[in-house]
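A short write-up of the structure that comes next.
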Amino acid sequence: METSAAASGQEPAVAARVPATMKDVALLAGVSVPTVSRFLSGSANVRADKRERVAAAIQELDFTPNASARVLVGGKPKVIAAVVGNTSRYGYAETIRGLEEAARADGYVVTFTVIEEADEESLTAGISLVLSQAIAGVAVLKFDPPGVAAIKRIPEWMPVVALSGVRDTAYAQAVIRESVAARHLVEHLLELGHETVHHVRIPPSRREDGRTAGWRRALKDAGREVPEVFEASWDPQSGRDVGNVIAERDDVTAVFCGNDEIAMGVMAGLRDKGLRVPEDVSVVGFDDHPLSSLWHPALTTARQEFADMGRNGWELLKEQIHGAKDHPLVSSTPDVIIRESTAPPRGN
């Protein structure tokens, strides 16, 4: 049995917390309420110094726009917020498609908030915008640093699901076991007779993502040299630049790329320098982009069912909306698709 401070004759140590309002944020930041509103809506018509003050005030007051909380208490919202770092890349777009189709089939509408950077201002503005809506739950694509940071900003009372390639036990999650597929791709290249496999990495969501981890583990378990990683951006042109560099090296016979677009770029870079795939260098990608089977030569890759992950994510989120308190995991393993871009090294 709990005893209140008032009943015991003691002064309460801390008063009951009253949620902060936009007016409180405006007063602390020294701006007007409309300025706070424009900041939360993502408007560009807010000066940089005011944006910094508003973001700091929101963090200090732990301010959350209360539309979501109000509807969760008194109504049944039919809107889901999806937090994403990008909507045009293949994996992102397919995951979003699966999530939206499954939610729509159950009578829910999905809105999208893009948070492209993991800095404080972007996160504060993005999550504030998400929570200002009357939503039933949030799905976060944890494919990149903004996604990893954003999910930590979702209040505990809000149903949430994570979608990614790396397991996180803190949330209900739909995950694709990228490390297993990466390992199988590397083992395929080693079985062809390559002494080792070089890796072109796409930007990771954390220190090391599943694709890189699977590549590294496969080489270590086989007792092979683990070469230095080549770094690429999300832009396929960066893969082409890496391909130009690889073409000048005699020790590279097999390359595992972080996704198919980068693999296509690497192959173009090798062709720039007069090398052939797979006769001179074998190349594998990841994701099974729709163009990978049409590329020349057709690309060996791992087929990720992104849309299925989106659908699985919706089922998990729906359980959270209906009161589930545990953090279940639904996982799948990509299939390795062997095509024409891999062969034994020259001389074997």
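For the pair W215/V197, a side-chain contact is recorded, criterion being any heavy-atom separation below 4.5 Å from C-beta on. In this structure, H194 and S282 have side chains that are in contact, with non-hydrogen atoms separated by less than 4.5 Å. Residues T196 and H198 are in side-chain contact: their nearest non-hydrogen atoms beyond the backbone lie under 4.5 Å apart. With a 4.5 Å cut-off on side-chain heavy atoms, I176 and F306 count as touching. Residues W234 and N259 form a side-chain contact, since some pair of their non-hydrogen atoms from C-beta on lies under 4.5 Å apart. Put simply, the side chain of V283 reaches to within 4.5 Å of the side chain of L270, judged on heavy atoms. At least one side-chain heavy atom of R276 sits under 4.5 Å from a side-chain heavy atom of R346. V114 places none of its side-chain heavy atoms less than 4.5 Å from the side chain of N86.
Between atom CG of residue L299 and atom OG of residue S341 there is a gap of 4.5 Å, rounded to the nearest 0.5 Å. Between I321 atom CD1 and M158 atom CE the span is 9.0 Å, to the nearest 0.5 Å. Atom CG in D144 sits 9.5 Å away from atom CD in E117 (nearest 0.5 Å). Once rounded to the nearest 0.5 Å, the distance linking SG of C257 with CZ of R211 reads 11.5 Å. Annotation: the span from I80 atom CD1 to D106 atom CG amounts to 10.0 Å, rounded to 0.5 Å. Rounded to the nearest 0.5 Å, atoms CG (D260) and CE (M267) are 10.0 Å apart.
For the 3.5 Å distance criterion, the side chains of S238 and D235 fail to qualify, holding no donor opposite an acceptor. D241 and Q237 share a donor-acceptor pair across their side chains, judged by distance under 3.5 Å alone. For H188 and T300, the side-chain atoms include no donor-acceptor pair closer than 3.5 Å. Under the 3.5 Å distance criterion, with hydrogens and angles disregarded, no donor-acceptor pair is assigned to the side chains of E305 and S332.
Nearest heavy-atom pair across L185 and A302 is CD1-CB, 4.0 Å. Across all their heavy atoms, G285 and T301 have their closest contact at C-OG1, 3.4 Å. Between L316 and Q173, the shortest heavy-atom distance links the atoms CD1-O, 3.2 Å. Contact between F39 and I58 at its shortest, heavy atoms only, is CE2-CD1, 3.6 Å. In this structure, A134 and V79 approach most closely via the heavy-atom pair O-CB, 3.7 Å. The two atoms that bring A103 and V110 nearest to each other are CB-CG2, 3.7 Å, heavy atoms only.
If you chain together hydrophobic residues whose side chains sit under 4.5 Å apart, V140 and M309 never meet in one group. I246 and W295 fall within the same hydrophobic cluster, defined by Ile, Leu, Val, Met, Phe, Trp and Tyr side-chain heavy atoms under 4.5 Å apart, directly or through other members. In the hydrophobic clustering of ILVMFWY residues, with side-chain heavy atoms under 4.5 Å counting as a link, V33 and V54 come out together. With hydrophobic clusters built from ILVMFWY side chains whose heavy atoms lie under 4.5 angstrom apart, V277 does not share a cluster with L192. A continuous path of hydrophobic side-chain contacts links I151 to I135 [ILVMFWY only; heavy atoms under 4.5 Å].
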Item to check | side chain to side chain contact (heavy atoms under 4.5 Å, CB included) between R216 and H199, worked out | outcome: CA-CA 9 Å; R216 190 181 305 279; H199 179 40; over 6 Å; no

Next on the checklist: One pair to check against side chain to side chain contact (heavy atoms under 4.5 Å, CB included): V84 and T95. What are the steps and the verdict?
Outcome noted: CA-CA 10 Å; V84 303; T95 304; over 6 Å; no

Checklist entry - Is there a side chain to side chain contact (heavy atoms under 4.5 Å, CB included) between R183 and D221 once you walk through the steps? => result CA-CA 10 Å; R183 182 188 181 102; D221 287 352; 2.8 Å; yes

Next on the checklist: What verdict does the side chain to side chain contact (heavy atoms under 4.5 Å, CB included) test give for N244 and K273, after you've listed the backbone C-alpha separation in whole Å, the side-chain angles of each residue and the deciding distance to 0.1 Å?
Outcome noted: CA-CA 7 Å; N244 289 165; K273 301 295 184 178; 4.0 Å; yes

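Annotation: salt bridge (Lys or Arg N to Asp or Glu O under 4.0 Å) contacts of D251 (sequence neighbours excluded): R249.
The backbone N or O of G258 lies less than 3.5 Å from no partner atom in the side chain of R201, so there is not a single donor-acceptor pair. Remark: the backbone N or O of D326 is paired with a side-chain donor or acceptor of Q320 at under 3.5 angstrom. Side-chain atoms of R53 come within 3.5 Å of backbone N or O of A29 as a donor-acceptor pair.
Checked for salt-bridge contact, R153 and E120 meet the test: a charged N lies under 4.0 Å from a carboxylate O.
For the side-chain contact (heavy atoms from CB on, under 4.5 Å) criterion with L141, the lone passing option out of T87, V83, I96 is I96.
Atom CZ of R339 has more than 12 heavy atoms from other residues, nucleotides or ligands within 6.0 Å.
Ring geometry for Y90 versus H289: interplanar angle of 30 to 60°, hence tilted.
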